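Input: a single structure, listed below in structure tokens.
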Amino acid sequence: MLNVKLGDMIVQQREGTWTAFKVLAVDNWADGTHTAHCMAYEPTVIEPTPEALKGGKVRAWHVPIDARTFRDGWQLISNELPSAHELVGFHEYLRLTDFPRYLTVTGKDVDTIIGAANEHYKRAYALGDAGKRREAIMEYDKAIDLFPLFYEAIDNRAFTYMELGDLNTALKDFEESLRINPIGVTAFFSRGECLLKLGHLERAEAVFEEGISKFPEQRDLFTRFREVVRSQRRVQPR
């Protein structure tokens, strides 16, 4: 078994085609498994060399792979620490999935990032108040791109999409907000509201029903909307 480590360049030939990866990082898990974060090169019919791969075409800048995949038939041809350019895909993956680790790995300053995101947020809010909804969404996009955990910006972007009548996109935003902040009552309720307006009555009722117990301080609101859904379901054609 090839025990991959940071910087390994590994190749395998299968049915006349060579596949090559460079290992950007390795995560070791409590259950004894390992994830290799890799950069994938375009397959070739010619056996890759380290020199050729340095100038080779990249197929995917980041691919997480169970390290057991490399158990048989893979060869180590070189080891060289990834360059900043090669790490771009891995860093983007961390930015979207594990922001605290992204900050640690890249050495970026969280206060600077949050400060810049807040500036975009304030501009977006002002644009929304002025009725410039599309421009507001662009500013919310910038805030969220800088700070993906900014669920308040995600919520406000969702409300702006609702104002534009784009309920499906708003629903996706509320679901993303809840992924970040599962106890966000605003996003939770508004998710149900989007489902109601989209006509997904069974799903909407389930949301409002859950909200009654999940957010007891808002019990009356969730109960009222649950009854609205139930009344609509009673008259809905079968």
Side-chain angles (χ1 to χ4, degrees), residues 29-31 93-103 110 113-115 117-238:
W29 306 113
D31 63 359
Y93 164 79
L94 290 180
R95 189 181 70 82
L96 296 174
T97 62
D98 190 345
F99 196 71
R101 184 180 176 188
Y102 164 77
L103 294 174
V110 65
I113 289 175
I114 291 176
N118 270 319
E119 288 302 313
H120 288 295
Y121 179 87
K122 288 187 285 187
R123 283 197 287 272
Y125 196 90
L127 286 164
D129 274 353
K132 299 179 179 180
R133 296 183 179 88
R134 293 292 179 189
E135 294 90 337
I137 286 172
M138 291 175 64
E139 288 296 324
Y140 284 129
D141 287 345
K142 293 174 183 177
I144 296 161
D145 187 60
L146 281 168
F147 185 38
L149 304 182
F150 201 166
Y151 62 85
E152 296 93 342
I154 298 173
D155 286 345
N156 277 15
R157 185 175 67 181
F159 286 129
T160 308
Y161 277 121
M162 288 182 74
E163 291 169 359
L164 290 169
D166 190 349
L167 296 173
N168 283 303
T169 302
L171 179 60
K172 290 177 183 177
D173 264 355
F174 288 129
E175 289 172 343
E176 174 63 14
S177 175
L178 288 167
R179 186 188 68 80
I180 297 166
N181 179 37
I183 61 171
V185 63
T186 297
F188 195 94
F189 172 79
S190 299
R191 175 170 163 257
E193 189 177 10
C194 283
L195 290 168
L196 170 60
K197 290 180 177 180
L198 286 166
H200 302 314
L201 300 184
E202 184 175 352
R203 292 172 61 195
E205 182 177 347
V207 169
F208 295 132
E209 183 70 34
E210 183 182 352
I212 292 171
S213 57
K214 190 178 180 73
F215 303 101
E217 71 282 1
Q218 297 292 339
R219 179 183 180 87
D220 290 346
L221 176 65
F222 281 101
T223 301
R224 186 166 71 252
F225 272 79
R226 182 194 62 184
E227 295 311 308
V228 169
V229 176
R230 286 180 174 177
S231 66
Q232 289 194 22
R233 292 190 70 185
R234 281 194 291 270
V235 299
Q236 189 178 53
R238 296 183 181 276

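Below, all heavy atoms of this structure are taken into account, side chains as well, without hydrogens, waters or symmetry copies. For the single chain, residues carry numbers from 1 onward in sequence order. Note that the coordinates shown come from a computational prediction; the quantities given were computed from them, not determined experimentally.
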All heavy atoms of Ser190 vs all of Phe159, minimum pair found to be OG-CE2, 3.3 Å

Calculate, to the nearest 0.5 Å, the distance between atoms CD and OG1 belonging to Gln218 and Thr186 respectively.
-> 8.0 Å

Atom of Gly192, atom of Ala204 and distance for their closest heavy-atom approach | O-CB, 3.7 Å

What distance separates Ile144 CD1 from Glu139 CD, expressed to the nearest 0.5 Å?
-> 11.5 Å

Phe150 side chain reached by His120 side chain, heavy atoms, under 4.5 Å = no

Hey, could you give me the OG1/CD distance between Thr160 and Glu135, rounded to the nearest 0.5 Å?
-> 11.0 Å

Going by heavy atoms in the side chains, are Ile137 and Leu164 under 4.5 Å from each other?
-> yes

Pair listing, ring pair (Phe, Tyr, Trp, His ring centres under 6.0 Å) test, anchored in residues 190-214, at least two apart = Phe189-Phe208, Phe208-Phe225

Begin with the C-alpha distance, continue with both residues' side-chain angles, and end with the deciding distance and a verdict on side chain to side chain contact (heavy atoms under 4.5 Å, CB included) for Ile183 and Asn181.
-> CA-CA 6 Å; Ile183 61 171; Asn181 179 37; 3.4 Å; yes

Which heavy atom of Ala143 sits nearest a heavy atom of Ala117, and at what distance?
-> CB-O, 3.4 Å

Using 4.0 Å as the upper bound for N to carboxylate O, is an ion pair formed by Arg224 and Glu227?
-> no

Report yes if the side chains of Asn118 and Phe147 come closer than 4.5 Å at any heavy-atom pair, otherwise no.
-> no

Answer yes or no: is there a side-chain heavy-atom contact under 4.5 Å between Arg203 and Leu198?
-> no

Under a 4.5 Å cut-off applied to non-hydrogen side-chain atoms, are Ile113 and Leu103 in contact?
-> yes

Count the heavy atoms of every other residue, nucleotide or ligand shown that sit under 6.0 Å from CZ of Phe99, and state whether that count exceeds 12.
-> yes

CG on Leu195 to CG on Leu201, rounded to 0.5 Å | 9.5 Å

Check: Asp145 and Asp141 side chains under 4.5 Å, non-hydrogen atoms = no

When you check the gap from the basic side-chain N to the acidic O, do Glu193 and Lys197 get nearer than 4.0 Å?
-> yes

Are Tyr93 and Tyr102 side-chain neighbours, meaning at least one heavy-atom pair lies under 4.5 Å?
-> no

For Ser177 and Tyr151, which heavy atoms make the closest approach, and how far apart are they?
-> OG-CB, 3.6 Å

Please check if the side chain of Ser231 supplies one atom and the backbone of Val228 the other of a donor-acceptor pair under 3.5 Å.
-> yes

Should the heavy atoms of other residues, nucleotides or ligands under 6.0 Å from NZ of Lys172 be counted, would the total exceed 12?
-> no

Does CZ belonging to Arg230 count more than 12 external heavy atoms closer than 6.0 Å?
-> yes

Should we count CD of Glu217 as having more than 12 external heavy atoms under 6.0 Å?
-> yes

Looking only at heavy atoms, the pair that brings Cys194 and Met162 closest together is SG-SD, 3.9 Å

Short side-chain donor-acceptor distance under 3.5 Å, Tyr140 and Asn156 = yes

Heavy-atom check, side chain of Pro100 versus side chain of Asp98, under 4.5 Å = yes

Considering all heavy atoms, the nearest Ala136-Gly128 contact = CB-N, 3.8 Å

Passing candidate, salt bridge (Lys or Arg N to Asp or Glu O under 4.0 Å) with Glu163, options Arg157, Arg133, Arg134 = Arg133

What distance do Arg191 atom CZ and Glu175 atom CD have between them, rounded to the nearest 0.5 Å?
-> 5.5 Å

Quick one: pull up CZ in Arg179 and CD in Glu176 and give me the separation to the nearest 0.5 Å.
-> 4.0 Å

